[in-house]
> 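Shown below is the structure under consideration.
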Amino acid sequence: MRADRLVATLLFLQERGRVTVPEVAAELEVSERTARRDLEALAAAGIPVYSQRGRGGGLSLVGGARTDLTGLTADETRALFLATGPLSATPELRTTLRKLVRALPPTMRAQAQAATRAGVVDATDWSRNAATADAAHRSALHRSALQGAVVDGIRVRLGYAGVGKPVGERTVDPLGLVAKAGVDYLVAGTDKGLRTFRLSRVTSVEPTGEPAVRPPDFDLATAWRTLSGAFQDGMHAVTARARVHPDTLALLQRFLGGRVRVGGPLPDGWTEVWVDGPAAKALAGHLAGLGAGVEVLEPPEVRQWLARIAAELTGMYAGEQPHAPHGQ
């Protein structure tokens, strides 16, 4: 849009001090004729653009005139660039950040540029599984498309792969996006009520052109608390009381995090704990990996699943001698 170009031209003038028409054309990726018309439009709008002919000439703002188009304070600027800098993977966002930097007063510009370099996003998890560049690009496109659908109130068809399920298509009413611990989710209305969709499992986004149905008085924060609370309740459906060896306690806490509640020390030096899980079988599977460092005291069903797991493993590996680590 021409209005965007005029703002960008003004910011370019402020940054460089003096520019030529070919420089403006190259920066904005337009023809020299278009660049010249934009500069003339700025002058006609009252912006003091001064043209100087001859060697070393060019266009500049009379008296170094400036305009601050952001209205941001220093602290607000720092927070904005710290948040967006590591995420500026798309050309659109990089262009936006460049425009913002040019709009800032000179005293704030260097700090803003430093803030964009103060963080980094690592797409590789601790299992060394890396999202490919294409996957990261698709994820960004899906996020952008869903953000647009939320803002415009448009129903979409999602390509979505649920856990352990093939990709399927679902028509949903996008209501908002939520980031939880670095993971993005879409909150949407479906024919079965409000649901959440993990963006990393979205394979396609197709606007239908139909208006989305938004529940009256819908509030995203309230809806998320309800949806996430139900999920968290499911993760705490079963609680086991156990005793943990001192050498295993830290590992248990690191492994299961907030699902472990630590009690007091026992007479034998072990520690009493309570551990939550979604089901007896799943909880037993988590604890079995810690071996004899954890003894479940109750409930009986978790102990029974542990005994069953132990029997299955014994049947599979009985009689085998453990191999010594290499070099020992």
> Can I get a per-line list of side-chain donor-acceptor pairs under 3.5 Å for residues 187-195, giving both atom names and the distance, sequence neighbours left out?
from	atom 1	to	atom 2	distance (Å)
Thr190	OG1	Lys192	N	3.0
Thr190	OG1	Gly193	N	3.4
Thr190	OG1	Gly193	O	2.7
Arg195	NH1	Lys192	O	3.0
Arg195	NH2	Lys192	O	3.1

> Starting from Trp270 and following side-chain heavy-atom contacts under 4.5 Å between hydrophobic residues (I, L, V, M, F, W, Y), which residues can be reached?
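For the cluster that includes Trp270, the remaining residues are Leu266.
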> What distance do Glu169 atom CD and Thr203 atom OG1 have between them, rounded to the nearest 0.5 Å?
9.0 Å
> I'd like to check the side chain to side chain contact (heavy atoms under 4.5 Å, CB included) partners of Pro207; sequence neighbours left out, ordered by chain and number.
Ile154
> Counting distance only, does the side-chain N/O of Thr248 pair as donor-acceptor with the main-chain N or O of Val244 below 3.5 Å?
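Checked: no pair found.
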> Are the side chain of Ser228 and the backbone of Trp224 linked by a donor-acceptor contact shorter than 3.5 Å?
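Looks like yes, one N/O pair under 3.5 Å.
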> Do the side chains of Leu287 and Val296 get nearer than 4.5 Å, heavy atoms only?
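Heavy-atom side-chain distance check passes, below 4.5 Å.
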> Return yes if some donor-acceptor pair links the side-chain N/O of Arg143 with the main-chain N/O of Leu199 below 3.5 Å, else return no.
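No; judged by distance alone, with no hydrogens or angles, the pair does not exist.
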> Indicate the atoms forming the closest heavy-atom contact of Leu186 with Leu175, along with that distance.
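Shortest heavy-atom separation between Leu186 and Leu175 comes out as CD1-N, 4.5 Å.
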> Between Val167 and Ala161, what is the shortest heavy-atom contact and its length?
CG2-CB, 3.8 Å
> For Arg36, give me all partners under side chain to side chain donor-acceptor pair (under 3.5 Å), at least two apart in sequence or on another chain.
none
> Identify the heavy atoms of Ala35 and Val24 that sit nearest to each other, and give their distance.
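Minimum heavy-atom contact is CB-CG1, 3.9 Å.
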> Salt bridge (charged side-chain N to carboxylate O under 4.0 Å, His left out): which pairs involve residues 199-208, sequence neighbours left out?
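For residues 199-208, and leaving out neighbouring residues, the salt bridge (charged side-chain N to carboxylate O under 4.0 Å, His left out) pairs sorted by first residue read Arg157-Glu206.
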> Partners of Gln147 by side chain to side chain donor-acceptor pair (under 3.5 Å), sequence neighbours excluded?
none
> With ring pair (Phe, Tyr, Trp, His ring centres under 6.0 Å) as the rule and sequence neighbours excluded, what pairs involving residues 192-217 come up?
Tyr160-Phe197
> Under the side chain to side chain contact (heavy atoms under 4.5 Å, CB included) rule, collect the residues that match up with Leu297, sequence neighbours excluded.
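Testing Leu297 for side chain to side chain contact (heavy atoms under 4.5 Å, CB included), a comparison that skips the adjacent residues, returns Arg241, Arg243, Glu295.
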> Okay, side chain of Thr226, backbone of Thr222: is any donor-acceptor separation there less than 3.5 Å?
yes
> What is the minimum heavy-atom distance between Val150 and Gly176, and which atoms define it?
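In this case the closest contact between Val150 and Gly176 is CG2-N, 3.7 Å.
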> Find the distance between CG (Leu283) and CG (Asp276) and round it off to the nearest 0.5 Å.
8.0 Å
> Keeping to residues at least two apart or across chains, list the salt bridge (charged side-chain N to carboxylate O under 4.0 Å, His left out) pairs with something in residues 210-224.
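Listed once each, the pairs are Arg155-Glu210.
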> I need the minimum non-hydrogen distance between Val302 and Ala284, along with the two atoms involved.
O-CB, 3.9 Å
> Could you identify which residues cluster with Trp305, counting Ile, Leu, Val, Met, Phe, Trp and Tyr as linked when any side-chain heavy atoms lie under 4.5 Å apart, either directly or through a chain of such contacts?
none
> Measure across Arg259 and Gly277 and return the closest heavy-atom pair with its distance rounded to 0.1 Å.
NH2-CA, 3.5 Å
> For Gly159, is there any backbone N or O sitting under 3.5 Å from a side-chain donor or acceptor partner on Ser204?
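At least one qualifying donor-acceptor pair exists.
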> Are Tyr317 and Ile309 grouped together when hydrophobic residues (ILVMFWY) are joined by side-chain heavy atoms under 4.5 angstrom apart?
yes
> Donor-acceptor pair, distance only, cut-off 3.5 Å: does the side chain of Arg170 make one with the backbone of Leu158?
no
> Supply the atom-to-atom distance Leu290 CG to Phe255 CZ, rounded to the nearest 0.5 angstrom.
6.5 Å
> With no hydrogens and no angle check, is any side-chain donor or acceptor of Glu23 less than 3.5 Å from a backbone partner on Thr20?
yes
> Can you list everything that forms a side chain to side chain contact (heavy atoms under 4.5 Å, CB included) with Arg33? Sequence neighbours excluded, please.
Ser31, Arg37
> Walk me through it: do Val156 and Thr208 pass the test side-chain contact (heavy atoms from CB on, under 4.5 Å)?
CA-CA 5 Å; Val156 300; Thr208 66; 5.5 Å; no
> A side-chain contact here means heavy atoms from C-beta on lying under 4.5 Å apart; do Val178 and Leu220 qualify?
yes
> Listed by chain and number, what are the side chain to side chain contact (heavy atoms under 4.5 Å, CB included) partners of Val262, not counting sequence neighbours?
Leu249, Gln253, Val260, Thr271, Val273
